[in-house]
A.B. asks: 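Attaching a single structure in structure tokens format; questions to follow.
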Amino acid sequence: MHDSPSSDAAFTTIRQALAGEHAVGDRLEIRGWVRTRRDSKAGFSFLSIYDGSCFDAIQAVAPGELPNYQDAVLKITTGCSVIVRGTLAESPGKGQSFEIQADEVEVVGWVDDPETYPMAAKRHTMEHLRQHAHLRPRTNIIGAVTRVRHTLAQAVHRFYHQNGFYWINTPIITGNDAEGAGEMFRVSTLDLANLPRTADGAVDFEQDFFGKETHLTVSGQLNVECYCLALSKVYTFGPTFRAENSNTSRHLAEFWMIEPEIAFADLVATADLAEDFLKYIFKAVLDERPDDMAFFAKWVDKGCIDRLEKFVESSFERMEYRDAIKILEGASKKAKFEFPVHFGADLQSEHERYLCEQHVGRPVVLMNYPKDIKAFYMRLNDDDETVAAMDVLAPGIGEIIGGSQREERLEVLDQRLATMDLPAEDYGWYRDLRRYGTVPHAGFGLGFERTIIYATGIDNIREAIPFPRVPRNADF
RNA sequence: UCCUCGGUAGCUCAAUGGUAGAGCAAUCGGCUGUUAACCGAUGGGUUGGGGGUUCAAGUCCCUCCCGAGGAGCCA
């Protein structure tokens, strides 16, 4: 980036200035937003300024001799944008090693009506921040989440690239009738007030933009399998959409998902991949964002750093669904489950929590679920009773990963479609993958925002994405 | 969709059916380097909307809206 031509001071980010990348005595220019102004008894002011380049703000000391001190500096409030030029100095005060001795303070943008500025320099409730989603990135916590999210995303791509995976951009608009993962949002250009009808009165989607019904994708998996059976190791990383009326701290209507898919691989291989992958991206957060993680450990979740360090060092607990049921049956009296446990039942939140929080105390990989509670594409095991599915359960969150080995045998896939009452003709191209050079393959889906929750300890998924979409709310 | 809790000053919260308050923020003033600075003063309200009970409603009842937590669904 080019320095400002208007000044002899070198433009620097606050991260660079605080990291000692400039010498004491250098004349620097910093650009950012004011978090607080404190006036000294001696007739000068301290400005705490952040620019997002790191967690910490830098302190600028504005002397009373500045020509605009009375008219401008003393009128600065939280949220004003400023350009400060001055000399980098060692700070005599506590809380920072360096500060800027300002010789110029330029207010670029004032705060209109400071009393009602929603992001005052104080603790706010998360509900309040959500109602001002356009301003909340100015807070410490959302700034920190944003940097961690970026670091995780970069680490995702780096991990897969370094391991020979190709990033496949699967479509966001899908014409698949059944991706098999929940309610879908309709995509249409038809005039809702004047819908075209067929002879029998149904909506005539042949007149719609794509000439058929289309929706927003709920998963890139079926599409990415096509590329897996040609490029061997692939992944998707992009937005997905669920029109479920879910009102919880773990669900979004629009969220990002990472879905790797590997050829010539079985369930164990995908569980191994999930473990290596999660360890890699969490280690990246520990290595690259210690400042933000220290903030989360201090104000949000005391154990979050410790938890990630243990996660990176220890191995996942692997457990058969069958064995999990036995453990839960044995614990059901003491744990007082609301819902009964038996083979064939899907596990409730309380059961998943017991397994990973009480019984094991760290993430658990559950494998080989009963076929009746899992999707059609999961590979039937030899016992004819279970499928090669796995879930990774994380303490405090529940299911963070869902994956499986895919059914690669056409006749078994067709049987599964038939038993589940799914019309084979809707899966033409998906069945073709089994007709032309099929191979065993497997993959999983990781909810990106749930990963962010786990890393930071924030307790609501609506803080893990810049502009959360949930039922009845698509503001901003 | 279901269950529970909530909506009072810009923010966070008080207020037995009986005169709507505090802290922070803001504004003004004071104070010899402050760290969410400190001290003093000032301004700030259709108590989410509508209806009802009552001499009297922030408070009780009905209804709608909005928010949070949990469940289900899942990532």
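The structure presented is a predicted model; accordingly, all values stated were derived computationally and were not measured. Convention: sequence-line order gives letters A, B, ...; per-chain numbering from 1.
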A.B. asks: In B/S/- notation, 5' to 3', how is nucleotides 24-32 of chain B contacted by protein heavy atoms closer than 4.0 Å?
C.D. replies: BBSS---BS

A.B. asks: Base, sugar-phosphate or nothing for A:Q101? Non-hydrogen atoms, less than 4.0 Å.
C.D. replies: base

A.B. asks: Please report whether the ring centroid of A:H134 lies less than 6.0 Å from that of A:F476.
C.D. replies: yes

A.B. asks: Once side-chain hydrogen bond (donor to acceptor under 3.5 Å, both in side chains) is applied, what residue pairs with a partner in residues 51-78 of chain A remain, sequence neighbours excluded?
C.D. replies: A:R38-A:Q59, A:S45-A:Y69, A:D51-A:S53, A:Q59-A:E99

A.B. asks: Would you mind listing every ring pair (Phe, Tyr, Trp, His ring centres under 6.0 Å) that reaches into residues 79-99 of chain A, with sequence neighbours excluded?
C.D. replies: none

A.B. asks: Only counting residues at least two apart or in another chain, list the ones meeting ring pair (Phe, Tyr, Trp, His ring centres under 6.0 Å) with A:F255.
C.D. replies: none

A.B. asks: A:F343: what forms a ring pair (Phe, Tyr, Trp, His ring centres under 6.0 Å) with it, not counting sequence neighbours?
C.D. replies: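 Applying ring pair (Phe, Tyr, Trp, His ring centres under 6.0 Å) to A:F343 gives A:Y321.
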
A.B. asks: Do the side chain of A:S246 and the base of B:C74 come within less than 3.5 angstrom through a donor-acceptor pair of N or O atoms?
C.D. replies: no

A.B. asks: Base, sugar-phosphate alone, or nothing: which one does A:Q59 contact when heavy atoms must sit under 4.0 Å apart?
C.D. replies: base

A.B. asks: Pick base, sugar-phosphate or nothing for A:E449, based on heavy-atom distances below 4.0 Å to the nucleic acid.
C.D. replies: nothing

A.B. asks: What nucleotide among B:C74, B:C73, B:U34 has an atom nearest to a side-chain atom of A:R242?
C.D. replies: B:C74

A.B. asks: Assign A:L252 to base, sugar-phosphate, or nothing according to its heavy-atom contacts below 4.0 angstrom with the strands shown.
C.D. replies: base

A.B. asks: Rounded to whole Å, please give me the gap between CZ in A:F44 and C1' in B:U34.
C.D. replies: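 One finds 8 Å between C1' of B:U34 and CZ of A:F44, rounded.
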
A.B. asks: Can you give me the N/O atom pairs linking the protein to nucleotides 66-69 of chain B at distances under 3.5 Å, or say none if there are none?
C.D. replies:
unit_1	atom_1	unit_2	atom_2	d
B:C66	OP1	A:R472	NE	3.3
B:C66	OP1	A:R472	NH2	2.7
B:C66	OP2	A:R472	NH2	3.4
B:A68	OP1	A:R130	NH1	3.0
B:A68	OP1	A:R462	NH1	2.6
B:A68	OP2	A:R462	NH1	3.1
B:G69	OP1	A:N460	ND2	2.5
B:G69	OP2	A:N460	ND2	3.3

A.B. asks: Thinking salt bridges, do A:R186 and A:E213 make one under a 4.0 Å N-O criterion?
C.D. replies: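 Yes, A:R186 and A:E213 are salt-bridged.
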
A.B. asks: How is A:E99 classified with respect to the nucleic acid when contacts are heavy atoms under 4.0 Å: base, sugar-phosphate, or nothing?
C.D. replies: base

A.B. asks: If only side-chain N and O atoms of A:T125 are considered, is one of them under 4.0 Å from the OP1 or OP2 phosphate oxygen of B:U12?
C.D. replies: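 Yes, within the criterion.
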
A.B. asks: Based on Watson-Crick and G-U pairs with both distances under 3.5 Å, what dot-bracket line describes RNA chain B 5' to 3', crossing pairs as [ ] and inter-strand pairs as |?
C.D. replies: (((((((..((((....[..)))).(((((.......))))).....(((((..]....))))))))))))....

A.B. asks: Please list, one pair per line, the donor and acceptor atoms closer than 3.5 Å that link side chains of residues 368-376 of chain A to other protein atoms, with sequence neighbours excluded.
C.D. replies:
unit_1	atom_1	unit_2	atom_2	d
A:N368	OD1	A:N381	ND2	3.1
A:N368	ND2	A:E320	OE1	3.0
A:N368	ND2	A:E320	OE2	3.1
A:Y369	OH	A:D391	OD2	3.3
A:K371	NZ	A:D384	O	3.2

A.B. asks: According to side-chain contact (heavy atoms from CB on, under 4.5 Å), who are the partners of A:A62, at least two apart in sequence or on a separate chain?
C.D. replies: A:L66, A:V73, A:V105

A.B. asks: Between A:R38 and B:U34, is there a contact of a side-chain N or O with OP1 or OP2 at under 4.0 Å?
C.D. replies: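 Checking A:R38 against B:U34: no side-chain N or O falls below 4.0 Å of OP1 or OP2.
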
A.B. asks: Only pairs under 3.5 Å count here: list side-chain donor-acceptor contacts from residues 296-305 of chain A, not counting sequence neighbours, and write none if there are none.
C.D. replies:
unit_1	atom_1	unit_2	atom_2	d
A:D301	OD1	A:G303	N	3.3
A:D301	OD2	A:R307	NH1	2.9
A:D301	OD2	A:R307	NH2	3.3

A.B. asks: By nearest heavy atom, map A:H128 and A:I400 onto RNA chain B; which one lands nearer the 5' end?
C.D. replies: A:H128

A.B. asks: Considering residues at least two apart in sequence or located in another chain, which fulfil the side-chain contact (heavy atoms from CB on, under 4.5 Å) criterion with A:C228?
C.D. replies: A:V234, A:E261, A:A263, A:H441

A.B. asks: Does any pair with a residue in residues 447-474 of chain A pass ring pair (Phe, Tyr, Trp, His ring centres under 6.0 Å), and if so which ones, sequence neighbours excluded?
C.D. replies: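 The answer is A:F237-A:F448, A:F282-A:Y454, A:F311-A:Y454.
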
A.B. asks: Between P on B:G72 and NE2 on A:H251, what's the gap in Å once rounded to a whole number?
C.D. replies: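 These atoms are roughly 9 Å apart.
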
